[in-house]
Amino acid sequence: MDKTYQPEQIETRWYERWEADNRFAPSGEGEPFSIMIPPPNVTGSLHMGHAFQDTIMDTLTRWRRMQGRNTLWQVGTDHAGIATQMLVERKVAAEEGKNRHDLGREAFTDKIWEWKQESGGEITRQLRRMGASVDWSRERFTMDDGFYRAVQEVFVRLHEEELIYRGKRLVNWDPTLHTAISDLEVENRDQQGSFWHFRYPLADGVTTDDGQDHLVVATTRPETLLGDSAVAVNPEDARYASLVGKFVELPLVGRRIPVVADEHADMEKGSGCVKITPAHDFNDYEVGKRCGLPLINVFTQDAAVREHAEAFDLQGRPLLDVDPSLPAAYAGLGRFEARERIVADMEAAGLLEQVEIVSNTLPYGDRSGDVIEPLLTDQWFVAVEELAGPAIAAVENGDIEFVPKNYENMYFAWMRDLQDWCISRQLWWGHRIPAWYDDEGNVYVARSEAEAREKHGLPAELALTQDEDVLDTWFSSGLWTFGTLGWPEQTPELATFHPTSVLVTGFDIIFFWVARMIMMTLKFTGEVPFQQVYVHGLVRDGQGQKMSKSKGNVLDPIDLIDGIALETLVEKRTSSLMQPQKAKAIAKATRAEFPKGIEPHGTDALRFTFLSQATTGRDIKFDMGRLDGYRNFCNKLWNASRYVLMNAEGEDCGADEGSEVELSLADRWIVSRLQQTQAQVTQAMEEFRFDHASQALYDFVWNEYCDWYLELSKPVLWDEGASAAAKRATRRTLVRVLEAILRLAHPMMPFISEEIWQRVAPLAGTLSADGGSIMNQPWPLADESLVDERATRDIEWLKGVIVAVRNIRAEMNIAPGKPLEALLTKGGPEDAERLAANRLFLSKLAKLERVEWLDDPAQAPLSATQLVGEMEVLVPMADLIDKDAELARLAKEIDKQEKLIGGIEKKLDNESFVAKAPEAVVEKERAKLADFEAARRLLVEQREKIEAL
RNA sequence: AGGACCAUAGCUCAGUUGGUUAGAGCGCCACGUUGACAUCGUGGAGGUCGGCGGUUCAAAUCCGCCUGGUCCUACCA
C-alpha cells in the first residue's frame, strides 16, 4: 500500500471497475429492496443537496445489498419543463440573438434535445463520482418513449373518469414566461406598498345613509379597477343595507356596476366596501361565483391593458351584454404603468381620498422572478378530491410511514385543503397534452390522433390540431415509481420492486412531488409508491445560510472531493452574477474563509461527513472542520491497515480453521467489542440514524481498534516470548477484525473500504475465487456468543492502569518515554491476578521497566499515586517531587472529590430520595460515594506524606 | 394569524423510556517524531444544557409561559 492515503488514486478506478463488472444490477435473489432516485434535472449539475441525498441513498442501497437483498436503485433524470426551457432560451439568445418564437416550436425543442445530449451527462458523471451504486442499465428519462406512454395512459384514463377537465379558470399566470404555474411555484414575498382609497360615485342620484354621493373602496391594485364587476358590502352592515342592489358608476370606465352583499366584505376594514374584480383576484373570483357576477378580463397575456375587455360568465362563455369598452388611454400599457396613470387620473378627477403605506405580500414566480398575475385562461385541471382520500388514508393507516414522523402532519394539513391541480403549462418543453380540437373547438382526448378519430368516429378529412400546451413536470414525475418499472405493462420489475422500499427526499418537495406520487400511484397501481419516506433537511453553509449563487456561498461537492485553488474558487463564485456589484464582497468573504482554497478530501470523507451530520430531518450546517476530521479518519484507517498488512502479509494468519491459536485477552476483547459495534451500526441504519452509525464506526476504529488493540498487538507480535500460536492468533484477529470493519464501513465509505479489503480479505480467507468485491460480501452480523464481558472488564482494568501511569507522567512532568517502575497495591486478589496475566502488555504500553504487586501498602515508598477501582497505582518518585506544586495539585484534587462527595451525601441524606427512588438508584449512589471517598482518602494520605517531607 | 422545528463547550453536533462526575469532532493549551499514522500520539483547560415557573425523591430530558432563530401554511379588498 502507498504510504499516504490518496483518494483520487482509488475512487475513479473502483467505480469504473464496479460498473464494468455490472455490480449495481439487482441480484435477482432475496427479498427485494428498491429506491427510486428523485430524478435530478437532466441539464443540471450536482449540488450539495444532491450529494447529501445520494450519499444516504447509496449507503442504504449498499447496506441492503450486502444484507443479501435483491436491490435496485433506480436512476433517471427529469426533463424539468420550465427550468430547462428557460436555460436553453437564454443560451439561444446569447449565442444566436434569437428568442424561441424566432425559431419556432419544432426547431426550439430540437435545440433542447441537442442541449440534453450535450449536457445531460454532467449530472450522471457527478453521480458516479459520489459512488452511487445505481443500476445504469435501467436509466430512465421522464420524456423517454416509455414515459410518454405512461403519461398519456394516465391522462386519458383520468379524463375518461372525469378526473381531468378543461376550463376557463383563474390561474397563477407568469407574464414573463407566458404560462400558468401552480400555487406551489409561487413564492410570497413581503413588501411595502401603497394602499389607495378611491371614491366610486353612486349612480342614479342615490346617496348613502349619511348623505355621501359615493362609496370609498381601497385597493393595492388600482389597475384592476378597469375590470371591476361590483362593489361588495357585508350583508350585516347596516350602514350600506339600503344600497345593496343599487349601482355605482365605475370611474374612468363609466360602466354601471352593482353593489352586492357578500361576507367577503369585512365591516372592520376601511370603509367596509370592497371592489370586486372576479377576473383578477382569487377572493373576488369566489365572490363572483356567489353573486353571479361577470368575469371581466382587462389584461393581455403580457399583463398589459387590453384595448377592449373580455367578459365571461362563470362557465367561461362569452357574455355579450357587458360593455367591453375600456378607456383608450390605457390600452397597451403594462400593469404597473397603467397603475400610475390610473392613480394620477383618479386624483385629477378628485376621486383619490387618501394613500396609505402598508406592508403586503406579493406573489412572485419562483422561476421568472416576475410578479404573478391572476389571469383568466383556458387550462386543464386534475380534480384531486377523489385522489386525495386514499392518499391520506395510506399515511393514516401506516402503509406509508414518514421518517421523522412529524412531517406527516405537514402532509395531512396540505392534503386536507387541496385545490384542483392546474396541470397545463404554456411551454414547449414537456409532455404535450393528448387532446385534439376540430375547428369548432370540440375536444377529443385520446392516446393518439388516430385513436381520437377512431374513438369518436371522426372522418379522415376533418382537420384536427393537437393542444399546444404541455403538462406540468410534476405530472410525469408523479408516475416515477411505477413508470420507471414499465407501467402500463405488467412487467416483472413492477411485480418485484413495487411498491418501493423507501423514498429519500427533501421536505421542500413533499407537496410538489411526494403527495402527488402517492395520489397517482394509488390510483393507477392500487399500491403505495413507497413504504417509507425519509425526509432530510436542507444543506446550508457553515453559518446556516442557504447556499445560493447570489450570496456567493455555494460549495460544489466535487470541489470538496478534488480540492480547488483559491483563485479558481473566487472566480467560480463571482462570475456571471446577477448582481455583479456583489463580486467584491463575495471574493473577500471567500478569501477569508478559505485562505488556501480547499484541499482535496475524497468522496469517502465527504460522504462520511454528510452521514455524521444526518440527524433527524432538520437542516444541516455543513462543517468544513468535520470534513477535515473525517478525511483524517480515512487516513487513520489507511495507516492502521498498512500496519496490519506489514505484520500479516506473508505470515501465518490462521486462515486455516484447523491451526492452533492462542487468543490473548486483547484478542477476545476486540472481537467482543466488534460484535457490539456491528449490532450498533446495524440498528442505527435501520433507524435511519446515520449519525449514530458513523459515530459508532468511528469510535470503534479509532478509539478501540487503533488506540488500543493495535498497540496491544505489538508486544505479542514483536516480543520474543510469545508463542507461535499466540502470534498466529493475534495476526488472525488483526486481519479478521479489520476485514469486518471494512465491510461495516463499506456502505458509508465505499472506495477506501474496497481498496483495503482487496488486500486484507485474502489474509482473512474471505475473498472469493472470482476476485470478488466487498460490495457483494455479507453484512457483518453480531455474534452474541463472542461477546465477552469478562474480557471487557479486564481490558478496562488494563487501560485504567496504563492511563494512571500516563497521568502520573503528565502530572509529574516525566518524559513519556522514560522507563519507570510501578507498584500496584490494595485492591483484591483479582487485581493481583490481572497483573500477573498482563505484565507484558502493561510494561510495554505504560513504558514500565518493572511492575510489581505490593502486598502491604504500608511498605510503599513515597510515590505518585492514582486509583484504579479499589487498587492503587504507585510510581516511586522521591527524587522527582516538587513539594509545593504537588501540594497545590493535591489540594485541588481533594477539593474536587469533596464536592462530589457533598453532592451525593446531600442526596442520601434526603429521606424521600432514599424512600422513593428505586433501590438500584440508591445503591448506585452509595457505590459512587464509596469510590469518591476512597479517592479522597488516597489523596489525603498522599498529602500527609508530602507534607512530612 | 395558525403551525412545525430548533436553542447543550469558542464552532458543528450527539445525549434512547427522567437517575451520566453532561459527551464527540474541530479549535485552544502543554508535552512528544519509540519501528501504521504529525492527516499523528499523550495529557489538559473549557458548559449554572436560552430565561422564568411547575411536576417529581430526582429535569438537559416531562408540562406551561417568555425570549431568540429557522421554516411552512394562510391572510392582508
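Proteins get letters first, then strands, A, B, ... in listed order; numbering begins at 1 in each.
Here the nucleotide nearest the side chain of Lys636(A), chosen from rC76(B), rU20(B), rC40(B), is rC40(B). Here rC13(B) is the nucleotide among rA36(B), rU21(B), rC13(B) with the atom lying nearest to any side-chain atom of Arg626(A). When distances run from any side-chain atom of Pro816(A) to the nucleotides rU12(B), rC31(B), rC40(B), the shortest one goes to rC31(B). For Lys924(A), the listed nucleotide lying nearest its side chain is rG19(B); candidates were rC72(B), rG19(B), rC13(B). With distances taken from any side-chain atom of Arg540(A) to the nucleotides rA14(B), rU70(B), rA36(B), the minimum falls on rU70(B). When each of rU39(B), rU20(B), rC13(B) is scored by its nearest atom to the side-chain atoms of Lys621(A), the top-ranked nucleotide is rC13(B). When distances run from any side-chain atom of Ala917(A) to the nucleotides rG19(B), rU70(B), rC76(B), the shortest one goes to rG19(B). Residue Ala810(A) has its side chain nearest to rG43(B) when only rC57(B), rG43(B), rG15(B) are considered. When each of rC75(B), rC71(B), rU21(B) is scored by its nearest atom to the side-chain atoms of Phe507(A), the top-ranked nucleotide is rC71(B). Checked against rA24(B), rG41(B), rU12(B), the side chain of Asp707(A) finds its nearest nucleotide in rG41(B).
Summary of the strand contacts: Ile276(A) and Glu711(A) both lie near RNA chain B, and taking for each the nucleotide with the nearest heavy atom, the more 5' one is attributed to Glu711(A). Looking at which nucleotide of RNA chain B each of Asn409(A) and Ala815(A) is closest to, the 5′-most match is held by Asn409(A).
In this structure, Lys907(A) reaches the sugar-phosphate backbone alone: every heavy-atom distance under 4.0 Å involves primed, P, OP1 or OP2 atoms, never a base. Using a 4.0 Å heavy-atom distance criterion, Met646(A) is classed as a sugar-phosphate-only contact. Thr220(A) comes within 4.0 angstrom of the backbone, heavy atoms only, and of no base. Gln680(A) comes within contact range of no nucleotide atom at all, as no heavy-atom separation falls under 4.0 Å. Contact annotation for Arg631(A): base contact, defined as any heavy-atom pair under 4.0 Å involving a base atom. Residue Glu911(A) is classed as having no contact, given no heavy-atom separation below 4.0 Å to the nucleic acid. In this structure, Leu710(A) reaches the bases: a heavy-atom distance under 4.0 Å links it to at least one base atom across the strands shown. Nucleic acid contact for Cys634(A): none, since no nucleic acid atom lies under 4.0 Å from a heavy atom of the residue. Among the heavy atoms of the strands, none lies under 4.0 Å from Arg416(A). At a threshold of 4.0 angstrom between heavy atoms, the contacts of Glu811(A) with the nucleic acid are absent. Residue Phe195(A) is in sugar-phosphate contact alone, with no base atom involved, counting any heavy-atom pair closer than 4.0 Å across all strands shown. Among the protein residues, Asn647(A) comes within range of no part of the nucleic acid, since none of its heavy atoms lies under 4.0 Å from any strand. Among the atoms of the strands shown, only primed sugar atoms or phosphate atoms (P, OP1, OP2) are found under 4.0 Å from some heavy atom of Thr615(A). Among the protein residues, Lys3(A) comes within range of the sugar-phosphate backbone only, with heavy atoms under 4.0 Å from sugar or phosphate atoms but none that close to a base.
More than 12 heavy atoms of other residues, nucleotides or ligands sit less than 6.0 Å from atom NZ of Lys551(A). The local environment of CD in Glu911(A) is sparse, with at most 12 non-hydrogen atoms from other residues, nucleotides or ligands closer than 6.0 Å.
Once the 5.5 Å centre distance and the 30° plane angle are applied, the aromatic ring of Phe913(A) is found not to be stacked with the base of rA58(B).
Taking atom CG on Asn635(A) and atom C1' on rG25(B), their separation rounds to 16 Å, with Å as the unit. Note: CG (Asp623(A)) to P (rA24(B)) measures 17 Å, nearest angstrom. In this structure, CZ of Arg806(A) is placed 9 Å from C1' of rG41(B), rounded to the nearest angstrom. In this structure, CG of Asp2(A) is placed 14 Å from P of rC37(B), rounded to the nearest angstrom. Straight-line distance from the CD1 atom of Ile814(A) to the C1' atom of rU42(B): 13 Å, rounded to whole Å. Going from atom CG of Leu929(A) over to atom C1' of rG19(B) covers 16 Å, rounded to whole Å. The distance from atom CG of Asn639(A) to atom P of rG41(B) is 10 Å, rounded to the nearest whole Å. Atom CZ of Arg809(A) and atom P of rU42(B) are 14 Å apart (whole Å).
For rC40(B), neither phosphate oxygen OP1 nor OP2 lies less than 4.0 angstrom from any side-chain nitrogen or oxygen of Trp638(A). An OP1 or OP2 oxygen of rG44(B) is reached within less than 4.0 angstrom by a side-chain nitrogen or oxygen of Asn807(A). Asn632(A) has a side-chain polar atom (N or O) that falls below the 4.0 Å cut-off from OP1 or OP2 of rC40(B). Contact annotation: Lys818(A) side-chain N/O to rU34(B) OP1/OP2 distance is not under 4.0 Å. Regarding contacts with the backbone of rA24(B), every side-chain N or O of His692(A) stays at 4.0 angstrom or more from both OP1 and OP2. Neither OP1 nor OP2 of rG43(B) sits under 4.0 Å from any side-chain N or O of Arg889(A). Applying the 4.0 Å criterion to OP1 and OP2 of rG3(B), one finds that Asn406(A) has every side-chain N and O outside that range.
For the C1' atom pair drawn from rA9(B) and rA22(B), the interatomic distance equals 11 Å after rounding to whole Å. Nucleotides rC13(B) and rG53(B), compared at atom C1', are 29 Å apart to the nearest Å. For the P atoms, the distance from rG2(B) to rG47(B) is 39 Å, rounded to whole Å.
For Tyr411(A) and Phe511(A), the ring centers sit 6.0 Å or farther from each other. Proximity of the aromatic rings of Tyr630(A) and Tyr698(A) is defined here by a centroid distance below 6.0 angstrom, and this criterion is met. Ring-centre distance between Phe195(A) and His197(A): below the 6.0 Å cut-off.
For the pair Arg416(A) and Phe412(A), the cation-pi test (distance below 6.0 Å, angle within 45°) is passed. With a 6.0 Å cutoff to the six-membered ring centre and a 45° limit on the axis angle, Lys896(A) does not count as a cation-pi contact of Phe932(A).
rG47(B) makes up no base pair with any nucleotide shown, lacking Watson-Crick or G-U wobble contacts both under 3.5 Å. Across all strands shown, rU17(B) forms no Watson-Crick or G-U wobble pair with both distances under 3.5 Å. The partner of rG64(B), taking Watson-Crick or G-U wobble pairs whose two distances both stay under 3.5 Å, is rC52(B). In this structure, rC71(B) and rG3(B) make a Watson-Crick or G-U wobble pair, each of the two defining distances being under 3.5 angstrom. In a base pair of the Watson-Crick type (N1 to N3 plus N6-O4 or O6-N4) or a G-U wobble (N1-O2 and O6-N3), with each distance short of 3.5 Å, rC31(B) is matched with rG41(B). Applying the Watson-Crick and G-U wobble criteria (two distances, each under 3.5 Å), rC26(B) pairs with rG10(B).
Side-chain polar atoms of Trp718(A) and Asn647(A) form a donor-acceptor pair below 3.5 angstrom.
The base of rA4(B) lies outside donor-acceptor range of the side chain of Glu408(A), with no N or O pair under 3.5 Å.
Side-chain contact check for Met685(A) versus His692(A): every heavy-atom pair is 4.5 Å or farther apart.
Using a 4.0 Å cut-off between a side-chain N of Lys or Arg and a carboxylate O of Asp or Glu, Arg759(A) and Glu649(A) qualify as a salt bridge.
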